[in-house]
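Note that ligands are numbered from 1 as they come in the structure, with each ligand's atoms numbered from 1 the same way. Bear in mind the structure is a predicted one, so any value in this text is a computation, not a measurement. We use all heavy atoms of the structure for the numbers below, so side chains are in, but hydrogens, waters and symmetry mates are not. Each residue takes its place number in the sequence, starting with 1.
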Amino acid sequence: MNRNDAPKAPAKTTPATFHVKSFGCQMNVYDGERMAEMLGTRGMTAAADGAQADLVILNTCHIREKAVDKVYSDIGRLRREDGSRPMIAVAGCVAQAEGAEISRRAKSVDIVVGPQAYHRLPDLIDKAGRGEEAVDTDMPAASKFGALPGRSKQARPTAFLTIMEGCDKFCTYCVVPYTRGAEISRSWTAILDEAKALVDGGAREITLLGQNVNAWTGEDDRGRMQGMDGLVRELAKIDALKRIRYTTSHPNDMSDGLIAAHGEVDKLMPFLHLPVQSGNDRVLRAMNRSHTADSYLRIIERVRQARPDIAISGDFIVGFPGESDAEFEDTLKIVEQVRYAQCYSFKYSPRPGTPAADMDGQIPMDVMDDRLARLQALLNRQQAEFNAATVGRRTDILLERQGRYPGQLIGKSPWLQSVYFTVSPTMPDLSIGDMVEVDIISAGANSLAGEPSRRKAA
Ligand code: SAM
Ligand code: SF4
């Protein structure tokens with residue numbers, strides 16, 4: 001590989017320290033943690049930031065254009081004042097989508113590794129250290145999970161656990177089926193073993209992850225086919241595990257069993273992230289979503305019957321090719337009908353290789369800007385209303401971290417809101433990972449203020 005025009009090569013060919021920077025979804029955060037744990041078991045040490053690391057791994061996201069641009073600007077910024085740079089690895093979905101093209105475009109990139117191949121990072125690091133091309137975007141038949149070391153002690157009381165990968169849905173705007181491959185569920189035993197290891201390592205809340213996490217299916221230890229609800233019920237038996245969440249769900253995989261579990265499993269938190277994308281049926285068909293606005297609303301209704309206080313979250317795309325003003329209004333309408341607790345909303349971003357990128361009727365940026373602003377104003381209002389409605393409630397929060405001010409602690413409510421409070425001198429010692437009962441006394445746009453009523457047994 002010609003590196004003549006690259007910044008000065010890394011000083012150390014065998015890196016001793018590393019830094020992983022993850023972009024995008026929670027699955028990337030999880031992958032980044034697994035990479036870090038794997039390198040840790042190989043004797044490498046985590047550096048506080050990229051400036052101090054011998055190896056920097058940019059764990060990328062390809063879902064929208066800006067995310068890709070950010071990776072290239074980050075690569076540029078890794079050059080140090082003396083002209084040197086760390087060894088640079090690009091991992092994640094940009095690596096999968098662009099492969100060796102990345103190291104052609106950014107000559108300082110030493111390693112390119114896709115999301116299904118990162119268990120081979122140690123070999124790639126050795127190769128890069130020898131100055132050889134180190135590109136691996138294989139999607140091997142044998143899952144990477146079996147090749148990764150077990151979970152180590154957890155730095156936080158909340159942990160992610162990927163239970164299934166890939167996607168077979170092929171929404172016409174989305175790169176995930178191409179970058180993450182076909183839908184594959186991890187085994188019942190592998191998931192339960194990892195959950196137990198996370199809890200032994202200090203986790204008190206586990207969020208199950210998958211691009212369509214509720215499509216998970218597998219045989220339990222007695223050979224019976226189970227859906228994700230079965231898995232949730234089994235996880236709930238782990239005594240020291242206090243809370244279970246999952247994300248992201250697809251409306252078509254919202255089974256009766258899972259809806260019932262929301263009413264029956266106390267540890268399953270009253271929060272559902274269920275993206276609808278658009279409130280208009282023609283747009284939903286063009287997106288290949290295979291649900292309608294009405295079928296989505298019926299699911300929400302049934303989930304609310306099972307768990308009346310459930311917080312609903314979602315994803316929206318504005319400006320999908322061909323979306324008319326009236327069709328966009330249908331999106332505002334469905335938002336009014338659902339009343340969301342918090343949401344993500346995006347301008348449509350054409351992704352190379354996806355069907356929608358070649359569709360007629362691409363929407364001008366100023367129109368998308370305007371639609372996004374209107375949608376977000378409505379969603380923000382609903383979030384504020386949802387938060388305000390919690391004032392006066394008494395609820396448990398799981399303490400996650402210290403706050404900015406002395407004595408301030410921050411935790412999450414069951415509805416995934418950040419709640420902060422200040423410890424008074426008369427209070428018993430509280431630790432991160434404790435569950436505390438608080439009264440919610442006021443609400444802001446993004447967080448709530450609480451007052452502890454009493455300390456709960458952990
Ligand atoms: N599997 C989930 C589902 O079907 O709802 C979503 C996973 S996707 C990684 C996360 C979100 O990114 C999507 O729900 C969608 O709103 C957004 N997204 C995906 N492709 C996009 C694109 N080309 N432009 C804008 N937003 C996009
Ligand atoms: Fe992408 Fe659609 Fe699959 Fe979600 S369901 S990951 S939006 S293709």
Would you list the atom pairs, donor with acceptor, under 3.5 Å between side chains in residues 208-215 and any protein atom, with sequence neighbours excluded?
from : atom 1 : to   : atom 2 : distance (Å)
N214 : OD1    : H250 : N      : 3.0
N214 : ND2    : H250 : O      : 3.0
N214 : ND2    : D253 : O      : 3.2

According to side chain to side chain donor-acceptor pair (under 3.5 Å), does anything in residues 266-277 pair up with another residue at least two apart or in another chain? List the pairs.
Y173-Q277, H273-S313, H273-D315
Nearby protein N/O/S atoms (those under 2.8 Å) for atom 1 (Fe) of ligand 2, with water ignored
C174 SG
Got the residues with a heavy atom under 4.0 Å of ligand 1, by chain and number?
I63, R64, Y173, V176, Q211, N212, T248, H250, P275, Q277, R289, D315, I317, F346, K347, Y348, S349, R351
List every atom of ligand 2 that sits less than 4.0 Å from any heavy atom of H250, numbering the atoms from 1 in the order shown and giving each element.
5 (S)
Answer with yes or no whether the side chains of T247 and Q26 bring together a donor and an acceptor at under 3.5 Å.
no
Side chains of D281 and T292: any donor to acceptor distance under 3.5 Å?
no
Is it true that, when you exclude F170 itself, more than 12 heavy atoms of the residues, nucleotides or ligands shown sit nearer than 6.0 Å to its CZ?
yes
List the closest protein heavy-atom neighbour of atom 4 (Fe) of ligand 2: residue, atom name, distance to the nearest 0.1 Å.
N212 OD1, 4.2 Å
T17 side chain to D54 backbone, donor-acceptor under 3.5 Å
yes
Is the backbone N or O of S290 less than 3.5 Å from a side-chain atom of N252, with the two atoms forming a donor-acceptor pair by type?
yes
Pairing of K169 and E183 as salt bridge, 4.0 angstrom limit
yes
How long is the straight-line distance from CD1 of I57 back to CD1 of I111, given to the nearest 0.5 Å?
7.5 Å
For the residue pair R64 and F346, would you count it as a cation-pi contact if the rule is NZ or CZ under 6.0 angstrom from the ring centre and within 45 degrees of the ring axis?
yes
